[in-house]
Amino acid sequence: MSFELDRRAFLAAALGATALGAARPAHAQRVATSAKIVIIGAGAAGSSLANRLAARLDGAEITIIDARKRHLYQPGFTLIASGLKPAGYSVSSTSDWLPRAVNWIEEGAAEIDPEAKTVTTDSGTQVSYDYLVVAAGLKLNYDQIEGMDVGLIGKDGIGSVYASPEAAEATWREMDRFTDEGGVGLFSRPATEMKCAGAPLKYTFLTDDYARRKGNRGKTEIIYAAHSKSLFGVPIVNEKVRMLYGERGFDTRYEHVMKAIDPGRKVATFATPEGDREIPFDFTNVIPPMSAPDVIRNSPLPWADKWVGQGYVEVDQYTLRHNRYPDVFAAGDVAGVPKGKTAASAKWQVPVVEDQLVAQIAGQEGTETYNGYTSCPLITRVGRAMLIEFDYKNNLVPSFPGVIAPLEELWVSWLMKEIALKATYNAMLRGRA
Ligand SMILES: Cc1cc2nc3c(=O)[nH]c(=O)nc-3n(C[C@H](O)[C@H](O)[C@H](O)COP(=O)(O)OP(=O)(O)OC[C@H]3O[C@@H](n4cnc5c(N)ncnc54)[C@H](O)[C@@H]3O)c2cc1C
């Protein structure tokens, strides 16, 4: 093994335990119960919670409902779309991560009745619960952009890192071609809540980096259309990104929300305060509006007065318990909390749901609370990233104070994303991180 590989392996091992924030091992003390617990969604949050509850509860009947047989490691999509990993890097089997003691119903949840305490599956099977945890992630609404369809990804300069590992790979092919040929690269994000709000920014940086490496930046224009008056929700991070975008020569346009795309003409239309604006492109990374899955959005569980129409579950932002149905919790992207649609947030939310739920079963008060922890290894070029970690108050909360400066473009922060993150993510799925 070369020195370089040695050094990378060592750092990966050292960082592995903490790439999604400091380690949070499962509690040891077991609680006896015959409670029926249903978890909707076997993604990052659902699988992790299933493992932690199976380890923690003695005699509970735990059921997880999810039709998806493939588990998708979504943070890997950015690396796939940058030609650094193959599509298979992000794919495993849902069954690989679920504990034997948990009953997996391989169907979608079609209806939730929190009064009757039942979930009905796609085939009409009714499952009753004492406690429900909603961990169904979120839905990508490509159809809300007129003219857009996932079938277009990989053709006519249209990319989309979000849709699937295969779409990410097709996006790489378009980005690779674009950075050979040059032209206009158009980047944007939706106006809705979204998972990993840093991902649109990262991919803009990466496209610029490839164009520079190939010596083609001179014939490349990079436009970033921000949905609001800022580039990122945390003011100090926004300032840093704004500065870097200026240095890298990006043409940033504010208050632009993509509403239509014409693949034939290679033109995207944006809603702006001054009316619709057309921007032609040679390559674009389409990121669709997002919402809670329909089964959640159409249930009585969402907030009535927040994220209206998006359907996120009305939970207390600290305990993640539903405000109106105390036997319902939410974890992961679907939780209606002001921050935290990342795997790193799921890692911090799941132990809170575990603690609050187990305490409730035992007739006690839970003690763990979620502080909004969110982390984003914001890649700025191949081999460099800023490890940005923040909480509900927009405070930067670095896991390695004095070692990794959050707003500096560092190789070690890049390694967090490229190597350590997946190992930590997998440990989280098993309930061990
Ligand atoms: C391009 C990209 C880059 C990212 N980068 C990062 C990063 O660098 N760092 C980071 O921490 N996070 C990152 N994320 C975000 C991270 O992947 C998500 O926040 C995380 O996966 C959320 O976990 P979850 O369990 O809430 O949702 P998911 O992991 O998406 O799982 C949701 C599950 O719910 C299931 N489901 C949906 N509807 C139903 C239904 N009706 N019934 C039953 N089950 C249902 C789905 O099939 C799925 O299995 C990135 C995401 C993307 C797309």
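Predicted model only: the values in this text are computed from it and were never measured. Order of appearance sets the numbers: ligands from 1, and atoms from 1 within every ligand.
With a heavy-atom cut-off of 4.0 Å, P75 touches ligand 1 through backbone and side chain alike. When heavy-atom distances to ligand 1 are checked against a 4.0 Å cut-off, K341 comes that close only through its backbone atoms N, CA, C and O. Only the backbone of A135 comes within 4.0 Å of ligand 1, counting heavy atoms alone; no side-chain atom from C-beta on gets that close. When non-hydrogen atoms are compared, ligand 1 lies under 4.0 Å from neither the backbone nor the side chain of M428.
For ligand 1 and A44, the ligand atoms under 4.0 Å from any heavy atom of the residue are 21 (O), 23 (O), 25 (O), 29 (O). For ligand 1, the atoms sitting less than 4.0 Å from at least one non-hydrogen atom of A136 are 32 (C), 34 (O), 36 (N), 37 (C), 38 (N), numbered in the order shown with element in parentheses. Ligand 1 places these atoms under 4.0 Å from at least one heavy atom of V295: 41 (N). Heavy-atom contacts of G41 reach the following atoms of ligand 1: 34 (O), 35 (C), 44 (N) (cutoff under 4.0 Å). Within ligand 1, the atoms closer than 4.0 Å to a non-hydrogen atom of G137 are 26 (O), 27 (O), 32 (C), numbered from 1 in the order shown. Ligand 1 places these atoms under 4.0 Å from at least one heavy atom of K417: 5 (N), 7 (C), 8 (O). Atoms of ligand 1 found under 4.0 Å from any heavy atom of P377, numbered from 1 in the order shown, are 8 (O). Less than 4.0 angstrom separates some heavy atom of I40 from each of these atoms of ligand 1: 42 (N), 43 (C).
A donor-acceptor pair shorter than 3.5 Å cannot be found between the side chains of E314 and Y325. E107 and S123 share a side-chain donor-acceptor pair at under 3.5 Å. Residues K393 and N371 have side chains that never bring a donor and an acceptor to within less than 3.5 angstrom of each other. Residues N141 and S291 bring a donor and an acceptor atom of their side chains to less than 3.5 Å of each other. A donor atom on one side chain and an acceptor atom on the other are not found under 3.5 Å apart for W104 and T94.
Ligand 1 has at least one atom lying under 4.0 Å from a heavy atom of I65. Proximity of A346 to ligand 1 is not established, as no heavy-atom distance is less than 4.0 Å. Residue C376 places no heavy atom under 4.0 Å from ligand 1. Ligand 1 does not have K139 within reach: every non-hydrogen atom of the residue lies 4.0 Å or more from it.
Checking A168, A344, S164, A343 against atom 12 (N) of ligand 1, the nearest heavy atom belongs to A343. The option from R68, E107, Q74 that lies nearest to atom 30 (O) of ligand 1, judged by heavy atoms, is Q74.
For ligand 1, one of its N or O atoms has an N or O atom of A109 under 3.5 Å away. Backbone and side-chain nitrogen or oxygen atoms of Y162 are examined, and none is located within less than 3.5 angstrom of a nitrogen or oxygen of ligand 1. Ligand 1 has no nitrogen or oxygen under 3.5 angstrom from a nitrogen or oxygen of T78.
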Practice task
Would you sort out whether D316 and R321 count as a salt bridge (charged side-chain N to carboxylate O under 4.0 Å, His left out), showing the intermediate values?
Solution key: CA-CA 6 Å; D316 176 272; R321 179 184 285 108; over 6 Å; no
Exercise for the section: With side chain to side chain donor-acceptor pair (under 3.5 Å) as the test, would you mind laying out the steps for T380 and E409 before giving the verdict? Expected result: CA-CA 7 Å; T380 54; E409 298 173 72; 2.7 Å; yes
Exercise for the section: Please lay out, stage by stage, how D130 and K117 fare under the test salt bridge (charged side-chain N to carboxylate O under 4.0 Å, His left out). Expected result: CA-CA 7 Å; D130 298 311; K117 296 174 78 166; 5.0 Å; no
Problem - Derivation of the side chain to side chain donor-acceptor pair (under 3.5 Å) call for S160 and Y142 - result: CA-CA 10 Å; S160 183; Y142 283 98; 2.5 Å; yes
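Using a 4.0 Å cut-off between a side-chain N of Lys or Arg and a carboxylate O of Asp or Glu, E106 and K69 qualify as a salt bridge.
Judged by the 6.0 Å and 45° rule, K341 forms a cation-pi pair with Y312. Both tests pass for K422 against the ring of Y89: distance under 6.0 Å to the centre and angle within 45° of the axis.
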